[in-house]
**Student:** 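Could you have a look at this structure, given as structure tokens, before my questions?
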Amino acid sequence: MRPPDLSPSPSERRLALALAVPALAVVAALTAIEAWRLMSPRAADGVRVHVSMADAIAAGDLLGAYEFVRLGQDPGAPILVRDPVLTGGRDLVVSPVVWAAAHGQGSIVLMLLGAGATLDDERLGSTRCLAARAGFAGVVEALRRASRVTPGPCPAASDEPPLHALAERW
Amino acid sequence: VSSPGERGAGARWFFLVLVLSLPLLAGLAGSMWRTPYPVNETIAILEDVPAGTPTPVFALFDLTARAWYRPLYFLTWDRLWRWTGSLDRALEVFKGIEVAAPLLLALLFLWQLRPRTPTDAAAAVTALAVLVGSPGFRENLEIPLLMTLVGMPMALGAWMLLTREPRPWTAPAVVGLTLLAIGFKEQGLVIAAVVAAAWWTRAPGATRSLAAAVAAAAAGYIGLRLAYSGNWPVFEQSMGFGFQILEPGDALARFGDFPYGMYAYNAMSTILNALVAEPSAGLFFISRDVAYAQVEPWEAVHVVSSVALTATIAWWARGALRGLRRDGWTEDGRVAVALVVALAACGVLSIKYSRDRLSGMAVPFYALAAYGALRAAVAHGAAAAPRGRRLTMALLAVIALTWQIRAVGTLEWTRRMSEANTVGWLTQLAPRRIEFAGRNRYLGIMESMAAQGVAAGAVRQTRYPRVVRRTLGPPLIAE
């Protein structure tokens, strides 16, 4: 007995193509994208390259800032920073936590504290006041959740650039 | 009995579909494998596992402990932890199971479809996209919430056995699958409902004794659970209601005297989400976005794909059931009934709160129905007048395109989830060390899992252009 004819009619073939063409297009696109991801994973993942942890923090790039910690940088070690407003255009050395707080980056503050950064109580309080004055409620909340310091009253703001009072000696 | 020629043609189209599915399935498996466990929920779950504590294992089967009952889920963790001797190794093996479950489901699904012609193959690749792109599938990929994800291949496996000629081991296998699925989560009861549907539609493997055994097992389970239901809250979790979220306390204040209306709303929300992509977790937020003329592309894709496919399935089911008196039960008719029954069971099992993932057990049947409906639409369109053929072609193209987008959206969703989990570990360690200072086991587990949480190899979402990202799905983390 001859096997039944399973070949579709021209009309059926065209209708089946309406289903198949999007699938084939997606398969081709996915294959190309997955190959790209395999060959250059950092580009495909959109990893931004920063020259320093300070830059990554200023850009608000949480994962980028953590890359420096992963590569061995001490999350508590002071970093060199400069900003027209925050440092008055001068080079200052501050804790990464302070720098992140000054930029309103609550998530990065939490990451740095979780990775082992520490600040003494006085500096934590000053950092909280800096964030509060700048209106960074997220940073204030992050410092409240991640430290045991009881918030005290904040001194009145001075005319100095905000980070002068929190600069480290070096 | 098929001839060698037919078998050869069948194998050719089956393998073609398998090859076409490979990029999606491999991407999905790879992404899930490289997803870190989340900091939220995972540690609390592991804290309840008896391994390493004086708590006896049989405590996992205590019906009075909680409102929910997932003894096999916790037993799996416990056994893996004890057998491997380390939490790190147990986490790896568990993730292996989590990755294998959706792959097994996809392979079983294609095996059940057995495409034998070009039309079958085209319908099968689209039906697989429906399976992977459904919210009930996507949301169950969340690591480590394995409970329904293992139940889905069990439901499909049971259906495959029920629709084939019975063997001596068919009944024990189906009863075993039902009990296993129920042991992982209440949603396993959907299999019992599907067995009843198979028996009612005279599926070859669904013998009377098998149906009776499964019904007895399900009734026994439900009876036991209800006997210890004294501590069940009226409402357990937050619920979407219209355009707002109700916390359990608020819901109790508003509906506590007569919660059944809210229960019906939750059940219908779960069912409607599976069928028309709205509401989601009880919230009509796509409707809200339509009202404010701020519809995101992914919202349009979800609604158009679901409405078009569900309408096609409804048309196909009507045709399949119309010939019942003349031809008796057909394979298509059985699938249509199984879909209705599985959806209804998913609705009943989500009366306390609705989530998209709670329709997961009905997803294999929705995708099976999609396969039948698409094949029927092709055959119908091919025999239609030119205008009808063009309309059918446009409908099929829309369904295929939008569901393929949703399937890729699921892949990207796992990557977004992975990135969100990494961010969770980076930002939650410091606050949790303070918040859980008194819980040594919690902190011990958290610290030992931190390395996997921030590992360099974690997968991240693909940096597609913004318009593509907005088409593939909702953002999980701020962009």
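Values reported hereafter were calculated over all heavy atoms of this structure, with side chains retained and with hydrogens, waters and symmetry mates removed. Convention: sequence-line order gives letters A, B, ...; per-chain numbering from 1. Predicted model, so just to flag it, every value in this text is computed and none were measured.
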**Student:** What part of B/A437 is in contact with chain A, defined as an atom under 4.5 angstrom from a non-hydrogen atom: side chain, backbone, both or neither?
**Tutor:**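 Just its side chain gets close to chain A.
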**Student:** Counting only heavy atoms closer than 4.5 Å, note whether B/L411 contacts chain A via side chain, backbone, both or neither.
**Tutor:**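 Side chain only.
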**Student:** A/V26 versus A/P22: any side-chain heavy-atom pair under 4.5 Å?
**Tutor:**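 With C-beta onward as the side chain, the pair stays apart.
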**Student:** Report which part of A/E12 has an atom under 4.5 Å of a heavy atom belonging to chain B: side chain, backbone, both, or neither.
**Tutor:**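 For A/E12, heavy atoms of backbone and side chain both lie under 4.5 Å from chain B.
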**Student:** Quick one about B/W316 and B/T312 (side-chain donor to acceptor, distance below 3.5 Å, no hydrogens or angles considered), yes or no?
**Tutor:**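 Judged by distance alone, the side chains do not pair up.
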**Student:** Is B/V454 close to chain A through its backbone or its side chain, or both, or neither, when contacts mean heavy atoms under 4.5 Å?
**Tutor:**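 Both backbone and side chain.
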**Student:** Please flag which part of B/V408 lies under 4.5 Å from any non-hydrogen atom of chain A: side chain, backbone, both or neither.
**Tutor:**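 The side chain, not the backbone.
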**Student:** At a 4.5 Å cut-off on heavy atoms, which part of B/T119 comes close to chain A: side chain, backbone, both, or neither?
**Tutor:**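 B/T119 touches chain A through backbone and side-chain heavy atoms alike.
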**Student:** Can you tell me which portion of B/S21 sits under 4.5 Å from chain A's heavy atoms? Options are side chain, backbone, both or neither.
**Tutor:**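 Contact with chain A: none, neither part.
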**Student:** Go through the atoms of A/R14 and report whether side chain, backbone, both or neither lie under 4.5 Å from a heavy atom of chain B.
**Tutor:**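 Backbone plus side chain of A/R14, per the 4.5 Å heavy-atom cut-off to chain B.
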**Student:** A/L17, A/L110, A/L30, A/L19: which one forms the most heavy-atom pairs within less than 4.5 Å of chain B?
**Tutor:**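 Among A/L17, A/L110, A/L30, A/L19, the one with the most close pairs to chain B is A/L19.
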**Student:** Does B/E412 pair with B/R415 as a salt bridge, N-O distance under 4.0 Å?
**Tutor:**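 A salt bridge links B/E412 with B/R415.
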**Student:** What part of B/R432 lies closer than 4.5 angstrom to a heavy atom of chain A: side chain, backbone, both or neither?
**Tutor:**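 For B/R432, there is no contact with chain A at all, as no heavy atom is under 4.5 Å.
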**Student:** Given heavy-atom pairs under 4.5 angstrom as the criterion, report whether the side chain, backbone, both or neither of B/A456 touches chain A.
**Tutor:**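 For B/A456, heavy atoms of backbone and side chain both lie under 4.5 Å from chain A.
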**Student:** Do we get B/R406 above B/W403's six-membered ring, with its NZ or CZ under 6.0 Å from the centre and within 45° of the axis?
**Tutor:**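 Here B/R406 passes the 6.0 Å and 45° test against B/W403.
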**Student:** Where does A/I108 contact chain B at under 4.5 Å (heavy atoms): side chain, backbone, both or neither?
**Tutor:**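 It is neither, since no heavy atom gets under 4.5 Å.
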**Student:** Can you tell me if B/W425 uses its side chain to pair, donor with acceptor, with the backbone of B/Y37 under 3.5 Å?
**Tutor:**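 Yes, the answer is positive, given that a donor and an acceptor are paired below the 3.5 Å cut-off.
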